[in-house]
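For reference, positions follow the sequence shown, starting with 1.
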Amino acid sequence: MLYYLFEYLDKTLDVPGTGVFQYITFRSALALMLSLLLSTIYGKRIIRFLQRQQVGETVRELGLAGQNEKAGTPTMGGLIIIFATLVPVILFAKLHNIYIVLLIVTTLWMGIIGFIDDYIKIFKKDKEGLKGIFKVVGQVGLGLIVGTVLYFSPAVTVRTDTAKSDIFKVQTETVITPAPVEEKSTATTIPFFKNNEFDYAELLAWTGEGYEKWAWLIFIPVVIFIITAVSNGANLTDGIDGLAAGTSAVSVLALGIFTFVSGNIIFSNYLNIMYIPSSGEMTVFIAAFVGSLIGFLWYNSYPASVFMGDTGSLTIGGIIAVLAIAVRKEMLIPLLCGIFLVENLSVVLQVSYFKYTKKRFGEGRRIFLMSPLHHHYQKKGYHESKIVTRFWIVAIMLAILSIVTLKLR
C-alpha cells in the first residue's frame, strides 16, 4: 500500500525523494528489515499467546535423544512466518502484480491447510492430524489455481529473444529492427545446457498441427505435481530444531537472485536467459519471506522455543514451489531443494524396502536406522545442532551450484 502512496506523491505532487519507491532493490531492503523486526519482536508475543492457549507439541516416542524435553513446546509457529511475510508485502509490493497475488494466495492457502492439520493434532488430540487425502486435495487445488493463472492470464508472458536484442550495442547507423515480442509460453529452463529453453507444448507435437493450444494438459498437471511434492518435502524436513527454516531460507535466497535477474531486461540480456516481465516484483516478497524465516530461527534454533508445525512447513514448501515455477526454474528444484528431495526419498525408500522385505522374507528390513534422513543421524548419535549445521552447509553448496547454472552451460 505504501508503494501506491509514494507513487502518488512522486508522480502527482512531485515530492522530492519519493521516487525511490519505484526501485525493487529499495523496497526489498525495507521488506527484509521489517520482516526481521516483526518476526523477532512480535514472534515472542505470538509464542506467549500459543503458550496461553496450551498449543503444545505432542511428542511421539521414537527413542531419540532429547525427545521428551520437547514435549509441550508451542507449535503453530508458522503463524510468525506468515505474519512477518505478508505485512511487509502488503506495505511495499505492487499488489496488482499477478505474481504477488499468486504468492499471497499460496501463503494463505497452504497456511490454512497446515493450521487445520495442527489444530486437529492439538485440540482434537489426533496425532495423525488432517487426513492425508484432504492435504493432497488442498495441494492439488492450489496447483490448479496456480497452473491455470500462469497459463491463461494475459499478464504472464516471457521473452526468449533477449540475447538478440543487442541493447548494449552502440548503433553506428540507423537500423530498423522488429520490436521485441513478449508472448504467452509454457517454456521453461533446462539447467546446464545452452539454448536451454524447453516448451512443455512440444510433448504434444505428435498430435499434429495446433498442438500448442493443448499445452495446458501438460503444464497444469506438472504444476500440481511440483507443488504437492515440494510442500510435502518441506513438511518431512521439519523434524529437528532449525532445519526446515534454515535450509529453506538458503533456497529462497537463491530464488531471489533468479527472480531479480529474470525480471530485469539488462541482466537477462547479459546472462542470455529468459526475460519474464514483472517477475522481478517477486524479489520484494522473497526478501520479506527470507527475513521472516531468519527471524523465526531466533526462536526455532536449538533448543527451540517454538515449532513451525504444518502451518509453517506446508506454507514454506508451497511458496518455494510457486516461486520456482513462476520464474521458470522448476527443473532446478531437485538441485536447489536437494535437502527436501533427499528427505522425501529416504522415507519412500524406507517404506518401500520395508514392505518388500516383509512380503518376501516375512520380516521387514530397513535401509536407514530411521527416516526421514535427519532422524537416521540422530539414531547414530549425532547432536541436533551438528546435523542442522551440516544440512545448512549442504543447502548452501546446492544453492551456489544452482546460481552458477546461470552461466555454467
Side-chain angles (χ1 to χ4, degrees), residues 55-62 64 67 75-79 81-82 105-147 220-240 243-245 247-248 307-322 324-325 330 333-334 337 339-359 364 366-368 370-376:
V55 184
E57 180 79 359
T58 302
V59 178
R60 290 184 293 179
E61 182 54 52
L62 299 175
L64 299 171
Q67 179 187 16
T75 187
M76 287 190 182
L79 293 172
I81 298 172
I82 294 172
V105 169
T106 298
T107 303
L108 295 174
W109 187 287
M110 298 304 291
I112 290 172
I113 294 175
F115 181 85
I116 294 172
D117 185 56
D118 289 334
Y119 182 88
I120 293 173
K121 289 178 182 176
I122 296 162
F123 296 103
K124 300 299 182 181
K125 307 300 180 184
D126 184 352
K127 294 181 181 180
E128 298 301 320
L130 185 66
K131 300 299 182 184
I133 183 63
F134 295 115
K135 281 187 185 179
V136 172
V137 168
Q139 292 162 335
V140 170
L142 177 63
L144 280 171
I145 293 172
V146 173
I220 293 178
V222 167
V223 172
I224 292 171
F225 172 77
I226 292 171
I227 289 176
T228 303
V230 178
S231 58
N232 285 330
N235 193 23
L236 289 172
T237 305
D238 180 33
I240 52 181
L243 179 58
T247 54
S248 298
F307 300 138
M308 67 171 64
D310 283 16
T311 306
S313 60
L314 289 176
T315 302
I316 288 172
I319 290 173
I320 290 175
V322 173
I325 295 166
E330 63 269 27
I333 288 178
C337 300
I339 298 296
F340 294 173
L341 176 64
V342 169
E343 296 275 43
N344 241 332
L345 283 177
S346 68
V347 173
V348 172
L349 291 173
Q350 184 88 319
V351 173
S352 301
Y353 188 70
F354 186 87
K355 289 182 177 178
Y356 168 75
T357 53
K358 187 172 183 179
K359 182 178 180 180
R366 293 176 171 83
I367 300 173
F368 307 101
M370 182 178 289
S371 63
L373 188 61
H374 56 265
H375 286 326
H376 168 77

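Rounding to the nearest 0.5 Å gives a distance of 11.5 Å between OG1 of Thr315 and CZ of Phe115. One finds the CG atom of Leu144 at 4.0 Å from the CD1 atom of Ile224 (value rounded to the nearest 0.5 Å). Between atom CD1 of residue Ile120 and atom CD of residue Glu128 there is a gap of 11.0 Å, rounded to the nearest 0.5 Å. Distance CZ/Phe354 to CG/Leu349: 15.0 Å, rounded to 0.5 Å. Atom NZ in Lys124 sits 12.0 Å away from atom CD1 in Ile116 (nearest 0.5 Å).
For Val348, the side chain to side chain contact (heavy atoms under 4.5 Å, CB included) partners two or more places apart in sequence, or in a different chain, are Ser352. Qualifying ring pair (Phe, Tyr, Trp, His ring centres under 6.0 Å) partners for Tyr119, counting only residues two or more places apart in sequence or in other chains: Phe123. Taking the side chain to side chain contact (heavy atoms under 4.5 Å, CB included) definition, one finds that Val342 meets it with Leu373, sequence neighbours left out. Shown here are the side chain to side chain contact (heavy atoms under 4.5 Å, CB included) partners of Leu345, two or more places apart in sequence or in another chain: Leu341. Remark: Tyr353 engages no residue in a ring pair (Phe, Tyr, Trp, His ring centres under 6.0 Å) (not counting sequence neighbours). Legend: residues meeting side chain to side chain donor-acceptor pair (under 3.5 Å) with Gln350, ordered by chain and number and at least two apart, are absent.
The side-chain hydrogen bond (donor to acceptor under 3.5 Å, both in side chains) analysis of residues 220-239, with sequence neighbours excluded, yields the pairs Gln139-Ser231, Gln139-Asn232, Asn235-Ser313. Applying the salt bridge (charged side-chain N to carboxylate O under 4.0 Å, His left out) test to pairs two or more places apart or on separate chains, those with a residue in residues 135-147 are Asp117-Lys135, Lys135-Asp310. Contacts classified as side-chain hydrogen bond (donor to acceptor under 3.5 Å, both in side chains) and involving residues 339-349 (residues at least two apart or in different chains) are given here: Glu343-His374. Every pair tested for salt bridge (charged side-chain N to carboxylate O under 4.0 Å, His left out) that includes a residue from residues 344-358 fails, sequence neighbours excluded, so the list is empty.
Between Lys121 and Thr75 the shortest side-chain heavy-atom distance does not fall below 4.5 Å. For the pair Leu142 and Met110, the minimum side-chain heavy-atom distance is below 4.5 Å. Side-chain contact check for Ile325 versus Ile227: some heavy-atom pair is nearer than 4.5 Å. Between Trp109 and Ile145, some side-chain heavy-atom pair lies under the 4.5 Å cut-off.
Of all non-hydrogen atoms in Ile316 and Ser248, the two that sit nearest each other are CG2-OG, 3.2 Å. For the residue pair Leu243 and Thr247, the shortest heavy atom distance occurs at O-OG1, 2.8 Å.
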query: Where do Phe340 and Ile320 land on the side-chain contact (heavy atoms from CB on, under 4.5 Å) test, with the steps shown first?
result: CA-CA 11 Å; Phe340 294 173; Ile320 290 175; 3.8 Å; yes
message: Checking Val347 against Leu236 for the side-chain contact (heavy atoms from CB on, under 4.5 Å) test, could you report, in this order, the C-alpha distance in whole Å, the side-chain angles of both residues, the deciding distance, and whether it holds?
response: CA-CA 9 Å; Val347 173; Leu236 289 172; 4.0 Å; yes
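Residue-environment remark: CZ (Phe225) stays at or below the threshold of 12 foreign heavy atoms within 6.0 Å.
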